[in-house]
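The structure appears right after this line, and notes come after that.
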Amino acid sequence: MNLVCYDTETTGLDLWGKDRMFSFSACDLEGKAEVYRLGRDEGAEEALRSLFNGDRSLICHNVKFDLKASLKHLQDWDLLDRISFHDTSLQSKILMNNHPNHKLKNLCFELAGFPKDDEEAIWKVMKGRNTMEDFSRVPEDLMDEYQKRDVQRCALLHRFFYPKIERDARLRDIYRSELDLIPTTIRMERRGSMIDFGKAAELIFDLETWTEQARAAIIFEAGKDINPASQDHIRELLFNKLGLPVLKRTAKEGKESTSKDVLLELRDKHRVIDEILKFRSFSRGITTIRSYMDFADEEGAIHPDINTCGAITGRESCSKPNLQNVSKEGVLLNPFPIPARRIFRPRPGMVNFHIDYSGIEMRLLVHYAREPELIEVLNRDGDVHLPGTLAFYGDEYRGADKERKKVLRGAAKNMNFAVCYGAGPKKVAEGLGMGVNKGLKRYSQYKERFPKLVELNGTISSRVRKEGQIKTTFGRPIKLPRNMGYMGVNYLIQGTAAEILKRSQPRIDRYLRKATGDEAGILLPIHDELVIEYPIKMLRDAPEILGNVRDLMIDFSIFSVPLEVDIEISLNSWAEKKPYKLRLAS
DNA sequence: AAACACGGCGCG
DNA sequence: AAAGCGCGCCGTGTTT
């Protein structure tokens, strides 16, 4: 296939809104480049069309962006199914996950000494202008030269990276799955998640009232007009004026920390603490909800930017706005939550399904530890935290009432994780809440029963020291500093879970489009969860269709433990999710 | 005015 | 000697 490096220039980054492409450049792998400016160059439109309709494979750095810009201009989103492409940014992320930014210019400079000063002239020109992101105002000859350099950089990277991926079957598979996720993600962004402007405005109104009340209370306690948003002012109030104890210091500057966990400890020492917590939560809530409203289009839909490989572990990330951290109610240790999920709702005529992998973290820990008893428990769909609970608490658990059982199981569950992430006997004994001697004894009993689980951290840690990386079951390498072995287990679990969710999405996308004629579709991935929109008129078929989605999500034969999902449905808002049963219990 | 570092905090 | 980590985004305060 004919390989062509391709790069677009746009008036800005808001491609789902006001911005558009105004130019593009292309070159072959030898670096022979051409630049076209739409509306200036004869034949630009035709050249663009031939790039997308011909028998070509486009190579881009951040291909999602160039595809969005191009298909928006061509007004032909069906091309997503047909176009073949490469992405040098993804190649870099797979081969060197720990690179700090994967920027085109930096990579070419670092890998090949390709000078990166060619943009300076452009910035000089932009300096006097107030529309910073609008490159279409840069003099055309300068711009042409700059664009040529960029596609040539892309060619350089492809020639450097791609052979390394191509010659390793596992890397090839990972790369293929990453590329497969791109069109699926563009379709999600295009749909967008809906907010209710009225509800948002109401919420902001309430939050403003509560913020001002908290501000007034704090100023009253301070006895002077301070800014509650200023950490310096709060520090002065808490630790000088009121003389409260310093429980923690900040990492870089060693100042008295005023973080939430500190404030929660000091909560019963003075009534101003709660007012500070309220002020922080409510004022943050206002700016967050405002930003949601600002990002929404006329319909009320927010089209975020989903980065399919945004984290060093391979996780996805989300920005402008980040819809992966919409705050929710009912969180332990958050006394004044913002009910932001109430303003997110299904499109008219739709419901949302929220499908999350149940207990995927513990399942993968058991898989990687190869702990036989727990593998067996998972295979018969048992409670994976119960054996640990019994090992830690024994008869104390058996003889407890229902409420007490819940508490003990919760503590044991915590310690199951803690042990895997490297907690020592002392920490575990402490976490069990039973006195050190007894706790230490129970820890050693636990260790005898689940030796593999207890050894996991050490095993991975020494692998990190030796190899400077870990590999997920799929074969994705995740590099980390050799002296940071304690992070290995976390990277392994996070990276594997990410890959599972990422591989399930294109399958689901293809299936839903076929089964519902493009009516149902994914809206958002949230690390171990997918939000899906689904037409109300097809709800009768939902048990079957969601059942098939479930099957696609858990179909991974390479693990020694089974996967499972929980499904919830929301009709009115993301704050009102109800369990959804695939079929009536028989 | 813009860019940066920092602490802080929401989610997973 | 050690329960861990990943993001994006905000306001303050400082530097350029």
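Naming convention: chains lettered A, B, ... in sequence-line order (proteins, then strands); numbering from 1 in each chain.
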Just checking, is any N or O donor in the side chain of [X] or [Y] under 3.5 Å from an acceptor N or O on the other one?
| X | Y | value |
| --- | --- | --- |
| A:D297 | A:W16 | no |
| A:Q91 | A:Y175 | yes |
| A:D261 | A:S259 | yes |
| A:H102 | A:S89 | no |

Self-check item: side-chain hydrogen bond (donor to acceptor under 3.5 Å, both in side chains) involving A:E236 - partner list, sequence neighbours excluded
Solution: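 So A:E236 forms a side-chain hydrogen bond (donor to acceptor under 3.5 Å, both in side chains) with A:N240.
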Self-check item: Partners passing side-chain hydrogen bond (donor to acceptor under 3.5 Å, both in side chains) against A:D87 (at least two apart in sequence or in another chain)
Solution: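 For A:D87 there are no side-chain hydrogen bond (donor to acceptor under 3.5 Å, both in side chains) partners, ignoring immediate neighbours.
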Provide, to the nearest angstrom, the distance between the [atom1] atom belonging to [X] and the [atom2] atom belonging to [N].
| X | N | atom1 | atom2 | value |
| --- | --- | --- | --- | --- |
| A:L480 | C:dG4 | CG | P | 15 Å |
| A:I302 | C:dG8 | CD1 | P | 17 Å |
| A:I289 | C:dC10 | CD1 | P | 13 Å |
| A:E361 | B:dC11 | CD | P | 16 Å |
| A:L364 | B:dG12 | CG | P | 17 Å |
| A:N101 | B:dC4 | CG | P | 13 Å |
| A:D528 | C:dC5 | CG | C1' | 14 Å |
| A:R315 | C:dG8 | CZ | C1' | 13 Å |

Exercise. Could you list all the side chain to side chain donor-acceptor pair (under 3.5 Å) pairs where at least one residue sits in residues 276-288 of chain A, not counting sequence neighbours?
Key: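 Those involving residues 276-288 of chain A are A:T258-A:R280, A:E275-A:K278.
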Practice problem: Write out all pairs satisfying side chain to side chain donor-acceptor pair (under 3.5 Å) with one or both partners inside residues 408-420 of chain A, taking only residues at least two apart or from two chains. | Solution: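 Every pair satisfying side chain to side chain donor-acceptor pair (under 3.5 Å) with a residue in residues 408-420 of chain A: A:D383-A:R409, A:H385-A:N416, A:N416-A:Y446.
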Exercise. Kindly point out which of C:dG4, C:dG6, C:dC9 is positioned nearest to the side chain of A:K320?
Key: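 Closest of the options to the side chain of A:K320: C:dC9.
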Self-check item: Nucleotide of C:dC7, B:dG8, C:dC10 approaching A:S257 most closely (side-chain heavy atoms)
Solution: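 Within the option list, the nearest is B:dG8.
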Sequence neighbours excluded and cut-off under 3.5 Å, please list the side-chain donor-acceptor pairs for residues 310-318 of chain A, or say none.
{"unit_1": "A:T313", "atom_1": "OG1", "unit_2": "A:Q494", "atom_2": "OE1", "d": "2.7"}
{"unit_1": "A:E316", "atom_1": "OE2", "unit_2": "A:Q505", "atom_2": "NE2", "d": "2.8"}

I'd like a table of donor-acceptor pairs (distance under 3.5 Å, sequence neighbours excluded) in which one partner is a side-chain atom from residues 360-369 of chain A, with atom names and distances.
{"unit_1": "A:E361", "atom_1": "OE2", "unit_2": "A:Y421", "atom_2": "OH", "d": "2.7"}
{"unit_1": "A:R363", "atom_1": "NE", "unit_2": "A:S358", "atom_2": "O", "d": "2.9"}
{"unit_1": "A:R363", "atom_1": "NH1", "unit_2": "A:P562", "atom_2": "O", "d": "2.6"}
{"unit_1": "A:H367", "atom_1": "ND1", "unit_2": "A:S560", "atom_2": "N", "d": "3.1"}
{"unit_1": "A:H367", "atom_1": "ND1", "unit_2": "A:S560", "atom_2": "OG", "d": "3.0"}
{"unit_1": "A:H367", "atom_1": "NE2", "unit_2": "A:T473", "atom_2": "OG1", "d": "3.2"}
{"unit_1": "A:Y368", "atom_1": "OH", "unit_2": "A:T473", "atom_2": "N", "d": "2.9"}
{"unit_1": "A:Y368", "atom_1": "OH", "unit_2": "A:T473", "atom_2": "OG1", "d": "2.9"}
{"unit_1": "A:Y368", "atom_1": "OH", "unit_2": "A:T496", "atom_2": "OG1", "d": "2.7"}

When you measure from the side-chain N and O atoms of [X] to the phosphate of [N], is any distance below 4.0 Å, counting only OP1 and OP2?
| X | N | result |
| --- | --- | --- |
| A:Y486 | C:dA1 | no |
| A:K260 | B:dG10 | yes |
| A:R280 | B:dC9 | yes |
| A:T250 | B:dG7 | yes |

Quiz item: Is the number of heavy atoms from other residues, nucleotides or ligands under 6.0 Å of A:F417 CZ greater than 12?
Solution: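 Yes.
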For [X], answer base if it contacts any base atom (sugar-phosphate contacts may also be present), sugar-phosphate if it contacts only those atoms, and nothing otherwise; contact means non-hydrogen atoms under 4.0 Å.
| X | answer |
| --- | --- |
| A:E253 | sugar-phosphate |
| A:C420 | nothing |
| A:R341 | sugar-phosphate |
| A:A423 | sugar-phosphate |
| A:A340 | nothing |
| A:S281 | nothing |

Exercise. Could you identify which residues of residues 323-336 of chain A place a heavy atom less than 4.0 Å from some atom of DNA chain B, listed by residue number, or say none?
Key: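 A:Q324, A:N325, A:V326, A:S327, A:K328, A:V331, A:N334, in order of number.
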Quiz item: What parts of residues 428-465 of chain A reach DNA chain B, counting only heavy atoms under 4.0 Å away?
Solution: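 None, since no heavy atom is under 4.0 Å.
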Quiz item: Taking atom types as they are modelled, is there a donor-acceptor pair under 3.5 Å from the base of B:dC9 to the side chain of A:R284?
Solution: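 Counting by modelled atom types and ignoring angles, a donor-acceptor contact under 3.5 Å is found here.
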Quiz item: If an axis is fit to five pairs at each end of the helix from B:dA1-C:dT16 to B:dG12-C:dC5, what is the angle between the two, to the nearest 10°?
Solution: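 The end-segment axes of the helix from B:dA1-C:dT16 to B:dG12-C:dC5 are tilted 0° relative to each other.
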Practice problem: Kindly indicate whether a cation-pi arrangement holds for A:R507 with A:F556, taking the cut-offs as under 6.0 Å to the six-membered ring centre and within 45° of the axis. | Solution: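 So A:R507 does make the cation-pi contact.
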Protein-nucleic acid N or O pairs under 3.5 Å, nucleotides 11-13 of chain C:
{"unit_1": "C:dT12", "atom_1": "OP1", "unit_2": "A:N227", "atom_2": "ND2", "d": "2.9"}
{"unit_1": "C:dG13", "atom_1": "OP1", "unit_2": "A:S230", "atom_2": "OG", "d": "2.6"}

Quiz prompt | Validation row, ring centre A:F336 to ring centre A:F279 under 6.0 Å | solution =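 No, ring centres 6.0 Å or more apart.
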Practice problem: Could you give me the CA-CA distance, side-chain angles and deciding distance for A:T185 and A:I522, then say whether side-chain contact (heavy atoms from CB on, under 4.5 Å) is met? | Solution: CA-CA 9 Å; A:T185 303; A:I522 309 173; over 6 Å; no
Quiz item: Would you call A:E576 and A:R341 a salt bridge, taking side-chain N to carboxylate O under 4.0 Å as the test?
Solution: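 Judged by the 4.0 Å cut-off on N to carboxylate O distance, A:E576 and A:R341 do not form a salt bridge.
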Show me the donor-acceptor pairs within less than 3.5 Å that the side chains of residues 452-461 of chain A make with the rest of the protein, sequence neighbours left out.
{"unit_1": "A:N457", "atom_1": "ND2", "unit_2": "A:C420", "atom_2": "O", "d": "3.4"}
{"unit_1": "A:T459", "atom_1": "OG1", "unit_2": "A:E455", "atom_2": "O", "d": "2.9"}

Quiz prompt | Any donor-acceptor pair under 3.5 Å from A:R342 side chain to A:A575 backbone | solution =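 A pair under 3.5 Å: no.
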Practice problem: Determine yes or no for a side-chain-to-main-chain donor-acceptor pair under 3.5 angstrom, with A:K479 supplying the side chain and A:H99 the backbone. | Solution: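 Such a contact is absent between A:K479 side chain and A:H99 backbone.
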Practice problem: Could you check which residues of residues 487-494 of chain A get a heavy atom under 4.0 Å from DNA chain C? Sort them by number, please. | Solution: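 The answer is A:M487, A:N490, A:Y491, A:Q494.
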